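Letters go in sequence order (proteins before strands), and every chain restarts at 1. All values derive from a computational prediction rather than experimental measurement.
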Number of protein chains: 2
Amino acid sequence: MYIETLKKELKNKKYRMTPQRELVLKVFIDNESKHLGAEDVYRLLFSNKHTVSKATVYRTIDLLVEFGLLRKIDFGDGIYRYELAKKEKMHHHFICKICGKIYEIEEKHLEIIKKELLSQGFQFEDFDFKIYGICPKCSKKAKNKSENKK
Amino acid sequence: MYIETLKKELKNKKYRMTPQRELVLKVFIDNESKHLGAEDVYRLLFSNKHTVSKATVYRTIDLLVEFGLLRKIDFGDGIYRYELAKKEKMHHHFICKICGKIYEIEEKHLEIIKKELLSQGFQFEDFDFKIYGICPKCSKKAKNKSENKK
DNA sequence: TTAAGTGCAAACCCTTTGCGCAGCT
DNA sequence: AGCTGCGCAAAGGGTTTGCACTTAA
């Protein structure tokens, strides 16, 4: 169904469907829960014996972002990551500063913020909401450690 | 007063106060409303006849972030920008996709989100909340244009 | 057939690092 | 003297680009 959208968009813009473009999109479909960078996509394809060049991976990802199939995420570590853009479900990211794990957080309160912005004349297209901190697991570990020391 | 904080922090960590460190911090103080990248800082100093090497600019900025005097912002264009971290006033960014202007948005609703996270065991340290869209000015312009066409 | 797409390697660009010299303490 | 800090230039690392070859339509 993502593939269908891709084909449709390509036709609209008079671009072509190619095996490489399908392969790149499939990587994102098969790794839905992950946040993959271009390098990751390249390596995943490579280890599956599908050789798609890095240049093509980068170009295809740009295309998929342009088509709204992928959302670009930036965790501030110098690597752009991407995730399938499921329009229905807006979610955000909590990044643990200790273990590095990324939690997806569903947020309903943002609706209020959206409404306020709209009333001020802002049209929003994309939210990027990241929270950095310490996740429950890590703060539990830290707690245990300090108790053992006593 | 930022300078005082810098001096204090440096003393704490047994680092030294230098003219370069003061100059870099001053650039941020004198350009409070802007979001400067390292390159910008370097150029601003250069055009004011103060030569501080790029390496030092980068190193000093890292230091200032470490001390909590600067906040790192990432608008996803491959350049890290920084702003003076005024702890009191949490604000966020609206980036217009047409004119590129960055609006600072004060947000009070995030308090609710913070509370919910806390109750789930998440400890947050930093919020990064960016909204991409079209600002009131640009959407007005677009509107006028389409009306003229009629 | 022919314009779009691909692969390769080199180029880019922001950022980081190694190293010798300068300057606090 | 012994570190810390600086400037310079080179290296790093993710991303982009030029160009000749390949391929979808």
Side-chain angles (χ1 to χ4, degrees), chain A residues 3-4 6-27 35-67 69-82, chain B residues 3 6-27 35-46 48-67 69-82:
Chain A
I3 308 278
E4 297 314 311
L6 174 59
K7 282 185 184 162
K8 212 176 290 174
E9 288 282 349
L10 288 171
K11 207 171 236 174
N12 277 348
K13 304 251 166 96
K14 290 182 182 162
Y15 296 153
R16 293 175 189 164
M17 185 54 161
T18 64
Q20 289 90 337
R21 286 175 174 168
E22 185 161 352
L23 281 169
V24 170
L25 178 53
K26 273 195 176 153
V27 169
H35 303 90
L36 303 173
E39 194 76 29
D40 300 321
V41 174
Y42 174 73
R43 270 197 293 267
L44 282 167
L45 286 171
F46 199 83
S47 64
N48 280 339
K49 316 269 188 271
H50 296 112
T51 19
V52 179
S53 74
K54 257 184 214 178
T56 297
V57 170
Y58 277 98
R59 285 188 280 233
T60 303
I61 287 177
D62 282 351
L63 205 72
L64 295 175
V65 170
E66 191 192 318
F67 289 168
L69 282 161
L70 292 185
R71 186 180 295 120
K72 187 177 182 178
I73 333 168
D74 190 334
F75 293 121
D77 62 353
I79 299 168
Y80 291 127
R81 290 160 211 284
Y82 303 85
Chain B
I3 308 278
L6 174 58
K7 282 185 186 162
K8 213 175 289 171
E9 287 283 350
L10 287 170
K11 207 171 235 174
N12 276 348
K13 303 252 166 93
K14 289 182 187 164
Y15 295 152
R16 292 175 190 163
M17 184 55 161
T18 65
Q20 289 90 338
R21 285 175 175 168
E22 186 162 351
L23 281 169
V24 169
L25 178 51
K26 273 195 176 154
V27 168
H35 303 88
L36 303 172
E39 195 74 27
D40 300 321
V41 174
Y42 175 74
R43 269 196 293 267
L44 282 167
L45 286 171
F46 199 83
N48 280 341
K49 317 272 188 267
H50 298 112
T51 18
V52 179
S53 75
K54 256 184 216 179
T56 298
V57 170
Y58 277 99
R59 284 189 279 232
T60 303
I61 287 177
D62 282 352
L63 206 70
L64 295 175
V65 170
E66 192 192 318
F67 289 168
L69 283 162
L70 292 184
R71 187 180 295 119
K72 189 177 184 179
I73 333 167
D74 190 334
F75 292 122
D77 61 353
I79 299 169
Y80 292 126
R81 290 159 211 283
Y82 303 85

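Tyr80(B) places a side-chain N or O within donor-acceptor distance of the main-chain N or O of Gly78(A), the cut-off being under 3.5 Å. When atom types are taken as modelled, the side chain of Arg21(B) and the backbone of Arg16(B) share a donor-acceptor pair closer than 3.5 angstrom. In this structure, the side chain of Asn48(B) does not engage the main chain of His50(B) through any donor-acceptor pair within 3.5 Å.
The distance from the OH atom of Tyr42(A) to the OG atom of Ser47(A) is 11.0 Å, given to the nearest 0.5 Å. Rounded to the nearest 0.5 angstrom, Leu44(A) CG and Leu36(A) CG are separated by 6.0 Å. If you take CG on Leu25(A) and CD1 on Ile3(A), they are separated by 4.5 Å, rounding to the nearest 0.5 Å. Of the inter-residue distances, the one linking Thr60(A) atom OG1 with Leu23(A) atom CG reads 9.5 Å to the nearest 0.5 angstrom. For the atom pair Asp62(B) CG and Arg59(B) CZ, the distance stands at 10.0 Å (nearest 0.5 Å).
Rounded to whole Å, the distance from CG on Asp62(A) to C1' on dT17(D) is 12 Å. With rounding to whole Å, Lys14(B) atom NZ is found 14 Å from dG2(D) atom C1'. Rounded to an integer number of Å, the gap from OH of Tyr15(B) to C1' of dC3(D) is 13 Å. Straight-line distance from the CG atom of Leu45(A) to the P atom of dG7(C): 10 Å, rounded to whole Å. Between Ile61(B) atom CD1 and dG5(D) atom C1' there is a gap of 16 Å when expressed in whole angstrom units. Atoms CZ (Arg43(B)) and P (dT15(C)) sit 11 Å apart, rounded to a whole Å. For the pair Lys7(A) NZ and dA24(D) P, the interatomic distance rounds to 13 Å; values are reported in whole Å. In this structure, Tyr82(B) atom OH and dC14(C) atom P are separated by 13 Å, rounded to whole Å.
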Scoring nucleotides 20-25 of chain C by protein non-hydrogen atoms under 4.0 Å (B base, S sugar-phosphate only, - none) yields ---BB-

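Residue Thr56(A) places its side chain closer to dT6(C) than to any other of dC8(D), dT6(C), dC6(D).
Residue contacts for Arg59(A): at a heavy-atom cut-off of 4.0 Å it reaches a base atom on one of the strands shown.
For Thr18(A) and Leu63(B), each mapped to the nucleotide of DNA chain D holding its nearest heavy atom, the one lying further toward the 5' end belongs to Leu63(B).
We find that Arg43(A) and Asp40(A) are joined by a salt bridge, their nearest charged nitrogen and carboxylate oxygen being less than 4.0 Å apart.
The side chain of Gln20(B) places an N or O atom within less than 4.0 Å of a non-bridging phosphate oxygen (OP1 or OP2) of dG7(D).
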Please produce a list of atom pairs where a protein N or O lies less than 3.5 Å from an N or O of nucleotides 11-14 of chain D.
none

